[in-house]
Asks: 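If you scroll down you'll find the structure; I have some questions about it.
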Amino acid sequence: MMTVSESIFRELDFFAVSFLLGIVLVLAYDCLRIFRRLIRHGTVWISIEDLCYWIITAFVIFAMLYQKNDGLIRGFSIGGIVTGMLLYNQLISRYTVKYIVLFLEKIIHLVQKVCRFVFTPVRFAAKAVSAQGKAAADKGRKVKKFFKKRLKNMKNEIKIGLSKK
């Protein structure tokens, strides 16, 4: 037989897990918000991402309820999830998103500068090759035009020569 303190400890553990799950769920949504700020999305993609997030969230909550409470939905477990979500969202979330986005933007900017520096010689070489390619193409067009004109003149001379006979 279970004593009262053991059952209370189990309920407290269940509430703590629910509370932490609420925090983890908002943290996962913050990751999605960070991703959206770094890579701009349209309304359709945001809607699809939100739909996927909430479907996954429903499965995670169900799995927690199934594992911790044999699938029974209890008011205080939902209250623990909501409380964890609200507290994290109000106290930490805005700073988490803001500073992680700033940090990642700085890293992305640094990587872009490094890539620009590293690939500058490649860019100049490509421009030089491209300029030489354009010059060769221009010469090729001029040669083609020259031969086309010469062949046309020869054709006309042959026609004239044949018509005289």
Side-chain angles (χ1 to χ4, degrees), residues 1-138 140-141:
M1 185 166 149
M2 193 182 300
T3 62
V4 174
S5 61
E6 287 180 29
S7 65
I8 290 175
F9 179 73
R10 213 163 63 153
E11 298 296 327
L12 185 61
D13 178 55
F14 183 48
F15 180 78
V17 169
S18 300
F19 182 81
L20 290 175
L21 180 63
I23 291 172
V24 168
L25 292 176
V26 177
L27 184 62
Y29 195 75
D30 280 350
C31 292
L32 192 59
R33 289 173 53 202
I34 291 167
F35 177 68
R36 288 178 185 167
R37 287 191 185 179
L38 293 175
I39 301 172
R40 299 289 177 200
H41 291 74
T43 307
V44 173
W45 281 111
I46 289 174
S47 300
I48 291 170
E49 290 168 354
D50 280 344
L51 180 67
C52 292
Y53 169 80
W54 285 110
I55 289 171
I56 292 168
T57 298
F59 280 114
V60 168
I61 291 172
F62 175 76
M64 186 274 302
L65 288 173
Y66 185 76
Q67 181 183 19
K68 286 289 187 182
N69 202 33
D70 296 327
L72 296 174
I73 299 174
R74 309 221 5 228
F76 76 91
S77 66
I78 301 300
I81 293 171
V82 170
T83 304
M85 290 174 110
L86 288 174
L87 282 176
Y88 177 83
N89 191 42
Q90 294 299 318
L91 299 177
I92 302 171
S93 180
R94 74 181 76 145
Y95 304 112
T96 303
V97 173
K98 179 181 176 181
Y99 291 116
I100 289 177
V101 166
L102 283 173
F103 177 73
L104 291 176
E105 284 176 342
K106 297 257 186 213
I107 289 176
I108 290 170
H109 184 68
L110 180 68
V111 168
Q112 286 174 340
K113 278 188 168 183
V114 168
C115 287
R116 202 173 298 126
F117 176 75
V118 168
F119 290 114
T120 297
V122 174
R123 197 170 59 231
F124 284 130
K127 283 182 181 180
V129 169
S130 175
Q132 289 176 351
K134 284 180 183 177
D138 287 343
R141 279 193 282 281

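We use all heavy atoms of the structure for the numbers below, so side chains are in, but hydrogens, waters and symmetry mates are not.
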Asks: Do Y88 and D30 pair up side chain to side chain, a donor and an acceptor below 3.5 Å, judged on atom types alone?
Replies: yes
Asks: Quick one: list whatever passes side chain to side chain donor-acceptor pair (under 3.5 Å) with D13, sequence neighbours left out.
Replies: K68
Asks: What I'd like to find out is whether the side chain of F19 reaches to under 4.5 Å of the side chain of T83, using heavy atoms alone.
Replies: yes
Asks: First locate atom CD1 of I46, then atom CZ of R33, and finally report the distance between them rounded to the nearest 0.5 Å.
Replies: 12.0 Å
Asks: Nearest 0.5 Å please: distance from the NE2 atom of H41 over to the OG atom of S47.
Replies: 11.5 Å
Asks: Determine, stepwise, if the pair F103 / I34 fulfils side-chain contact (heavy atoms from CB on, under 4.5 Å).
Replies: CA-CA 11 Å; F103 177 73; I34 291 167; over 6 Å; no
Asks: Only one of L27, L21, I23 forms a side-chain contact (heavy atoms from CB on, under 4.5 Å) with L25, so which one is it?
Replies: L21
Asks: Who are the side-chain contact (heavy atoms from CB on, under 4.5 Å) partners of F117, not counting sequence neighbours?
Replies: none
Asks: List the atom of Y53, the atom of L32, and the distance in Å for their closest heavy-atom pair.
Replies: CB-CD2, 4.2 Å
Asks: Counting C-beta onward and ignoring hydrogens, is there a side-chain heavy-atom pair between L104 and F35 closer than 4.5 Å?
Replies: no
Asks: Does Y29 form a side-chain contact (heavy atoms from CB on, under 4.5 Å) with D50? I'd like the steps, not just the answer.
Replies: CA-CA 9 Å; Y29 195 75; D50 280 344; 3.0 Å; yes
Asks: Does a side-chain N-to-carboxylate-O contact under 4.0 Å join E49 and R36?
Replies: yes
Asks: Could you tell me the separation between the OG1 atom of T96 and the CG atom of L91, rounded to the nearest 0.5 Å?
Replies: 10.5 Å
Asks: Look up atom CD in E105 and atom CD in Q112, then write down how far apart they are to the nearest 0.5 Å.
Replies: 10.5 Å
Asks: Check whether any side-chain heavy atom of I8 lies under 4.5 Å from a side-chain heavy atom of E6, and answer yes or no.
Replies: no
Asks: Look at atom CZ of F76 and say whether more than 12 heavy atoms of other residues, nucleotides or ligands are closer to it than 6.0 Å.
Replies: yes
Asks: Given side chains that start at C-beta, do those of I81 and M85 come closer than 4.5 Å, heavy atoms only?
Replies: yes
Asks: Say you draw a straight line from CG of L102 to CZ of R37; how long is it, rounded to the nearest 0.5 Å?
Replies: 9.5 Å
Asks: Do you know which two heavy atoms are closest between G79 and F15, and how far apart they sit?
Replies: C-CE1, 4.5 Å
Asks: Atom CG of L51 and atom CD1 of I56: how far apart are they, to the nearest 0.5 Å?
Replies: 9.5 Å
Asks: Dump the intermediate steps for side chain to side chain donor-acceptor pair (under 3.5 Å) on R74 and S18, then the final yes or no.
Replies: CA-CA 11 Å; R74 309 221 5 228; S18 300; over 6 Å; no
Asks: Are side-chain heavy atoms of F59 and M64 found at a separation under 4.5 Å?
Replies: no
